[in-house]
Amino acid sequence: MTQRPPGGIDVHQHLWPPEFIERLRRRATPPMLRGWTLHTAYEAPYDVDAAAHDVELRRASDIDRALVALAMSTPLGVEALPPDDAQPLLAAWHTGVAGLGGPFVGWAVASTREPELAHLDRLLRTHGIVGLQVGSHSMDTPASLEALAPLLRRAELADRPVLVHPGPVDPHPGPDWWPAVVQYPAAQQAAWWSWQTVGRSLLPDLRICFVAGAGLAPLSIERFAVRARAVARADDDLFVDTSSYGRLGVDALRTALGARTIVLGSDRPYAEPFDLIADPHLSDAEMRAYCHDNPARLLGVAPN
């Protein structure tokens with residue numbers, strides 16, 4: 001019977017530290033909290049489950065290490081706020097997430113308007129911060145990735161990974177699930193193909209992970225080969241997480257990229273993780289790779 005490997009690592013969760021909640025409640029313009037209703041500039045008001053951000057309740061899990069990404073998700077748009085607006089939120093996020101304690105550690109976030117590179121360098125050396133999170137909208141073309149490269153290079157120089165997460169999307173007339181199912185995967189796909197075009201040449205040593213299987217962009221490698229007359233390549237420093245996908249999506253990603261590229265990412269509390277334990281088709285070696293060995297390589301830690 002398949003056994004859970006020791007030291008399971010979930011690279012993609014969301015949890016609001018109390019400091020960040022308080023800062024959102026002080027704001028008079030989006031992003032802001034009124035009670036437990038989140039107001040953003042991009043999407044309809046969202047009723048937050050308060051229990052999902054109860055640190056002690058979330059601490060009781062079957063994961064030994066949980067990497068927490070900014071708030072509800074990058075669609076809050078904090079990075080793109082004017083610097084005077086962004087700074088208090090970012091400070092509250094970094095102070096709060098770095099102080100959560102085990103099993104939680106956090107992804108740093110930087111202003112994309114006026115990034116403070118020296119401050120980011122300090123954050124990337126902070127206990128409780130594991131790497132840098134960026135929005136896929138900020139690297140959705142090769143040109144925008146080139147413009148973002150100086151920020152990403154700070155993570156590369158610090159030997160810390162980067163997490164590419166969906167960012168703000170345009171308002172839409174569809175149902176509530178439309179951004180998560182249509183717009184976020186499309187943004188992840190654009191970021192993935194930008195990376196395939198210029199990323200590795202710009203940042204040869206950067207470890208980078210695209211959440212939600214990069215919107216399943218790797219499944220288009222055959223079409224890319226035909227249209228671009230080139231080969232899309234995976235490498236040991238390029239990863240995708242499993243968030244919101246199960247056996248169908250994960251098996252397809254494994255076929256396209258190989259098992260060493262896939263890392264466990266749940267998107268908790270907005271989705272539950274792919275149930276690796278319950279899948280009878282998954283070998284002990286594959287489960288250990290997804291839950292432990294591959295995430296450890298993403299973090300730059302030699303697997304035990």
- Which atoms form the tightest heavy-atom contact between P166 and V211, and what is the distance? CD-CG2, 3.5 Å
- Message: Using every non-hydrogen atom in the two residues, find where L24 and R34 come nearest and quote the distance to one decimal.
- Response: O-NH1, 4.3 Å
- Message: Do V68 and L123 sit in one hydrophobic cluster, given that two such residues count as connected whenever their side-chain heavy atoms are within less than 4.5 Å of each other, even indirectly?
- Response: no
- Find out whether R200 and L206 are in side-chain contact, i.e. whether some heavy atom of one side chain is under 4.5 Å from a heavy atom of the other. yes
- Message: Rounded at 0.5 Å granularity, tell me how far CD in E286 sits from CG in D293.
- Response: 12.5 Å
- Query: Does any donor atom in the side chain of H119 or H94 lie under 3.5 Å from an acceptor atom in the other side chain?
  - Reply: no
- Item | Smallest separation among heavy atoms of Q189 and G215, with atom names | NE2-O, 2.8 Å
- Item | Non-hydrogen side-chain atoms of D85 and V78 separated by less than 4.5 Å | no
- Evaluate the side-chain contact (heavy atoms from CB on, under 4.5 Å) criterion for residues V250 and Y290: first the C-alpha distance (whole Å), next the side-chain angles of each, then the deciding distance (0.1 Å), finally the verdict. CA-CA 10 Å; V250 173; Y290 298 166; 4.0 Å; yes
- May I ask whether L219 and I221 are part of the same hydrophobic cluster, defined by side-chain heavy atoms of I, L, V, M, F, W, Y residues being less than 4.5 angstrom apart, directly or through others? yes
- Item | Option passing salt bridge (Lys or Arg N to Asp or Glu O under 4.0 Å) with D121 (candidates R160, R154, R153) | R154
- Message: When you measure from the side chain of R297 to the backbone of D237, do you find a donor-acceptor pair of N or O atoms at a distance under 3.5 Å?
- Response: no
- Item | Minimal non-hydrogen separation, H53 against Y270, with atom names | NE2-OH, 3.4 Å
- Task: Compare every heavy atom of P295 with every heavy atom of L264, then report the nearest pair and how far apart it is.
- Result: N-CG, 4.3 Å
- Task: Please round to the nearest 0.5 Å and tell me the distance separating atom CD of E114 and atom CD of Q87.
- Result: 12.0 Å
- Spacing of CZ belonging to R233 relative to CG belonging to L257, to within rounding of 0.5 Å: 13.0 Å
- Item | side-chain contact (heavy atoms from CB on, under 4.5 Å) between L238 and I208, intermediate numbers included | CA-CA 5 Å; L238 176 63; I208 188 167; 3.7 Å; yes
- Query: Should L163 and L67 count as side-chain neighbours, where that means a heavy-atom distance under 4.5 Å?
  - Reply: no
- Message: Evaluate R26 against E22 for salt bridge (charged side-chain N to carboxylate O under 4.0 Å, His left out), listing each step before the verdict.
- Response: CA-CA 6 Å; R26 291 185 194 179; E22 175 60 27; 3.4 Å; yes
- Take R207 and D159 through the test salt bridge (charged side-chain N to carboxylate O under 4.0 Å, His left out) and record every step on the way to the result. CA-CA 8 Å; R207 298 188 303 279; D159 195 28; 2.6 Å; yes
- Message: Any side-chain to backbone donor/acceptor pair from Q13 onto S266? Under 3.5 Å, distance only.
- Response: no
- Message: What verdict does the side-chain contact (heavy atoms from CB on, under 4.5 Å) test give for F104 and R59, after you've listed the backbone C-alpha separation in whole Å, the side-chain angles of each residue and the deciding distance to 0.1 Å?
- Response: CA-CA 8 Å; F104 303 111; R59 209 182 299 279; 4.2 Å; yes
- Evaluate the side-chain proximity of P31 to L81: yes if any heavy-atom separation is below 4.5 Å, no if none is. yes
- Query: Can you hop from M139 to L216 via hydrophobic side chains spaced under 4.5 Å?
  - Reply: yes
- Within the distance-only criterion (no hydrogens, no angle test), does the side chain of S111 pair as donor or acceptor with the backbone N or O of P83 below 3.5 angstrom? no
- Query: Parallel under 30°, tilted from 30 to 60°, perpendicular over 60°: which one fits the rings of F20 and W93?
  - Reply: perpendicular
- T261 and L253: CA distance, side-chain angles, deciding distance, side-chain contact (heavy atoms from CB on, under 4.5 Å) verdict: CA-CA 9 Å; T261 301; L253 289 166; over 6 Å; no
- Item | Donor-acceptor contact below 3.5 Å, side chain D205 vs main chain E156 | no
- Message: Ring-plane angle category for H14 and H165, please: parallel below 30°, perpendicular beyond 60°, tilted otherwise.
- Response: perpendicular
- Query: Hey, does the side chain of T141 reach the backbone of S144 with a donor-acceptor pair shorter than 3.5 angstrom?
  - Reply: yes
- Query: Is a donor on one side and an acceptor on the other found under 3.5 Å between the side chain of T37 and the backbone of D47?
  - Reply: no
- Query: Is the shortest heavy-atom distance from the side chain of V263 to the side chain of I9 under 4.5 Å?
  - Reply: no
- Task: Report whether V55 and I21 are members of the same hydrophobic cluster (ILVMFWY, side-chain heavy atoms less than 4.5 Å apart, transitive linking).
- Result: yes
- Item | From L15 atom CG to R58 atom CZ, the distance as rounded to the nearest 0.5 Å | 5.0 Å
- Task: Quick one: pull up NE2 in H137 and CG in L148 and give me the separation to the nearest 0.5 Å.
- Result: 9.5 Å
- With distance as the sole test, does R27 use its side chain to make a donor-acceptor pair with the main-chain N or O of P30 at under 3.5 Å? yes
- Donor-acceptor under 3.5 Å (Q183 side chain, D170 main chain): yes
- Message: Could you tell me if the side chain of V164 sits less than 4.5 Å from the side chain of W195, heavy atoms only?
- Response: no
- Query: Which value, rounded to the nearest 0.5 Å, describes the distance between L145 atom CG and Q196 atom CD?
  - Reply: 11.5 Å
- Side chain proximity check, Y184 to S136, heavy atoms < 4.5 angstrom: no
- Message: Ignoring hydrogens, what is the shortest heavy-atom contact between F224 and A232? Give both atom names and the distance.
- Response: CE2-N, 3.5 Å
- Task: Could you tell me how the ring of W36 sits relative to the ring of W16: parallel (under 30°), tilted (30 to 60°) or perpendicular (over 60°)?
- Result: parallel
- Would a distance-only check, ignoring hydrogens and angles, find a side-chain to backbone donor-acceptor pair under 3.5 Å from R25 to G35? yes
- W107 reachable from V301 in the ILVMFWY side-chain graph, under 4.5 Å edges: yes
- Message: Keeping D241 on the side-chain end and A212 on the backbone end, is there a donor-acceptor pair under 3.5 Å?
- Response: yes
- Message: Contact between L117 and L151 at the side-chain level, heavy atoms closer than 4.5 Å - yes or no?
- Response: yes
